[in-house]
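As the structure lists them, so they are numbered: ligands from 1, and atoms in each ligand from 1. Everything numeric in this text was worked out from a predicted model, so none of it was measured. We use all heavy atoms of the structure for the numbers below, so side chains are in, but hydrogens, waters and symmetry mates are not.
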Amino acid sequence: MRVLVSGGAGYIGSHTVLSLLSAGHDVVVVDDFSNSKPTVIGRLEALSGKRIPVHSLDLTDAEKTERVFAHEQVDAVIHFAGYKAVGESVIKPLEYYRNNLDSTFSLVNAMRAHGVTKFVFSSSATVYGEKAPVPYREDYEYLSSSSPYGQSKVMIERVLSDVAAVSEGWKVALLRYFNPVGAHASGEVGEDPQGVPNNLMPFVAQVAVGRRDHLTVHGADYPTADGTCERDYIHVMDLAEGHVAAVEHLDAMTEPARAYNLGTGTGTSVLELLHAFERAVGRELPYEIGPRRPGDLPAFWADATRANRELGWQATRSIDDMCADTWRWQSQNPQGFPDA
Ligand code: UD1
């Protein structure tokens with residue numbers, strides 16, 4: 001297949017490009033580089049030995065988006081592009097709803113105009129809201145999210161399901177990610193957050209490399225084994241392979257749209273992750289216990305049996321693999337991707 005990857009220069013998008021290419025697919029990347037560096041593309045080309053066509057544009061521009069489909073043959077779309085900072089979304093709700101929804105509308109319209117019917121969407125476990133029983137299962141009906149970022153995922157899942165239901169031949173996979181971490185085993189590609197990282201793993205990695213002086217653990221008084229929050233961390237290469245499995249499965253899907261959890265099915269606490277990272281680095285890392293972060297849930301992880309059964313996919317990489325690969329990337333690229 002020739003797969004258009006929106007947000008293909010970003011963290012999960014770039015790793016998925018590598019997995020698609022090594023599975024024998026072709027890719028077309030669309031990215032506006034608002035939260036990624038163009039130099040990632042050269043790394044992807046060097047690792048894969050293939051030239052990657054790139055269209056640098058903002059997908060909220062419906063005309064420009066349509067023009068990509070007019071010029072490129074596309075069999076399927078994997079849509080990663082979007083704003084994703086939870087805290088920022090609370091402060092700028094309109095920007096988040098507008099950007100995340102409009103870019104999806106542009107893609108869907110261009111696909112309909114050019115007869116493309118296969119869509120894989122980058123959703124999140126945040127759609128399970130605050131009341132879903134753990135482990136999260138895809139058939140939980142009351143999707144909601146406390147942040148505009150998360151609510152944009154809930155809304156887009158609904159838009160795509162409604163469109164697929166009335167569009168001849170459409171197949172949509174809604175992939176609900178748990179906590180993606182890790183990096184490509186080469187250490188050449190990884191997560192490169194701009195500014196202070198919001199998420200745990202990149203923060204720990206920056207402490208290890210000396211860019212931050214210590215980790216603050218956001219709360220150690222949760223009702224969990226060690227008092228810190230538990231999450232289902234999934235290696236980004238397992239996640240990337242989940243996208244390849246999903247895009248290859250679309251034809252066999254019996255429903256127009258279907259959700260799949262992409263997680264490992266096990267929870268790991270903040271302190272367990274920190275200690276695993278210390279093993280990867282070979283030394284202790286400084287941390288302090290701070291207050292809880294508003295909005296954090298104590299513990300959740302995936303029931304990943306649907307993806308396992310229907311997509312024939314399962315996460316295989318361990319927490320130690322996730323830390324070793326993140327450390328290889330971070331230590332080889334302490335400042336992330338170069339500017340040029
Ligand atoms: C967050 C988002 C989620 C989004 C996901 C994308 C929130 C509330 N949720 O998930 O919607 O889909 O990122 O990656 O922001 N922690 C620390 N110290 C730190 C950073 C994090 O102790 O400096 C803790 C957090 O309190 C949490 C755990 O580490 O318990 C994981 O945090 P994070 O990596 O931000 O992921 P989530 O909050 O699970």
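Counting only distance, with no hydrogens or angles, the side chain of Arg283 and the backbone of Ala208 share a donor-acceptor pair below 3.5 Å. Remark: the backbone N or O of Gly290 is not paired with any side-chain donor or acceptor of Thr216 at under 3.5 angstrom.
Of the options Val217, Leu200, Ile12, Val181, the smallest heavy-atom separation from atom 29 (O) of ligand 1 is shown by Leu200. Checking Ser124, Ser89, Ala85 against atom 12 (O) of ligand 1, the nearest heavy atom belongs to Ser124. Among Val86, Thr216, Val196, Leu273, the residue whose heavy atom sits closest to atom 18 (N) of ligand 1 is Thr216. With Asp296, Thr126, Thr268 as candidates, the residue nearest to atom 26 (O) of ligand 1 on a non-hydrogen basis is Asp296.
Near Tyr233, meaning under 4.0 Å from any of its heavy atoms, are these atoms of ligand 1: 28 (C), 31 (C). The atoms of ligand 1 that sit less than 4.0 Å from any heavy atom of Cys229 are 30 (O). The Asn198 neighbourhood of ligand 1 comprises atoms 20 (C), 35 (O), with distances under 4.0 Å to a heavy atom of that residue. Heavy-atom contacts of Val270 reach the following atoms of ligand 1: 22 (O), 24 (C), 28 (C), 29 (O), 30 (O) (cutoff under 4.0 Å). Close contacts of ligand 1 with Asn179, meaning ligand atoms under 4.0 Å from a residue heavy atom, involve 10 (O), 36 (O), 37 (P), 39 (O).
Partner of Phe300 under the ring pair (Phe, Tyr, Trp, His ring centres under 6.0 Å) criterion, out of Tyr128, Tyr140, Tyr233, Tyr136: Tyr136 alone. Test Thr316, Thr326, Asp325, Thr264 against His235 for side-chain hydrogen bond (donor to acceptor under 3.5 Å, both in side chains) and you get one pass: Asp325. Among Arg306, Glu138, Glu310, the one residue that satisfies the side-chain hydrogen bond (donor to acceptor under 3.5 Å, both in side chains) test with Tyr260 is Glu310.
Counting heavy atoms under 4.0 Å from ligand 1, residue Arg293 touches it through the side chain alone.
Atom OG of Ser124 sits about 7.0 Å away from atom NZ of Lys153, to the nearest 0.5 Å.
Put simply, part of Tyr149 is less than 4.0 Å from ligand 1, judged by heavy atoms. Assignment of Tyr287 to the shell around ligand 1 is not supported, since no heavy atom sits closer than 4.0 Å.
Within the 4.5 Å cutoff, the side chain of Met111 has no heavy atoms near those of the Thr117 side chain. Side chains of Arg43 and Pro338 form a contact here, defined as non-hydrogen atoms less than 4.5 Å apart.
In this structure, atom 14 (O) of ligand 1 lies nearest to the protein heavy atom Asn199 ND2, 3.6 Å. Nearest non-hydrogen protein atom to atom 16 (N) of ligand 1 is His218 CD2, 3.6 Å. For atom 39 (O) of ligand 1, the nearest non-hydrogen atom of the protein is Arg231 NE, 2.6 Å.
Between Leu215 and ligand 1, no pair of N/O atoms sits closer than 3.5 Å.
Other residues, nucleotides and ligands contribute more than 12 heavy atoms inside 6.0 Å of the CZ atom of Arg212.
Residues Asp232 and Ala302 share a closest heavy-atom pair of OD2-N, 3.0 Å.
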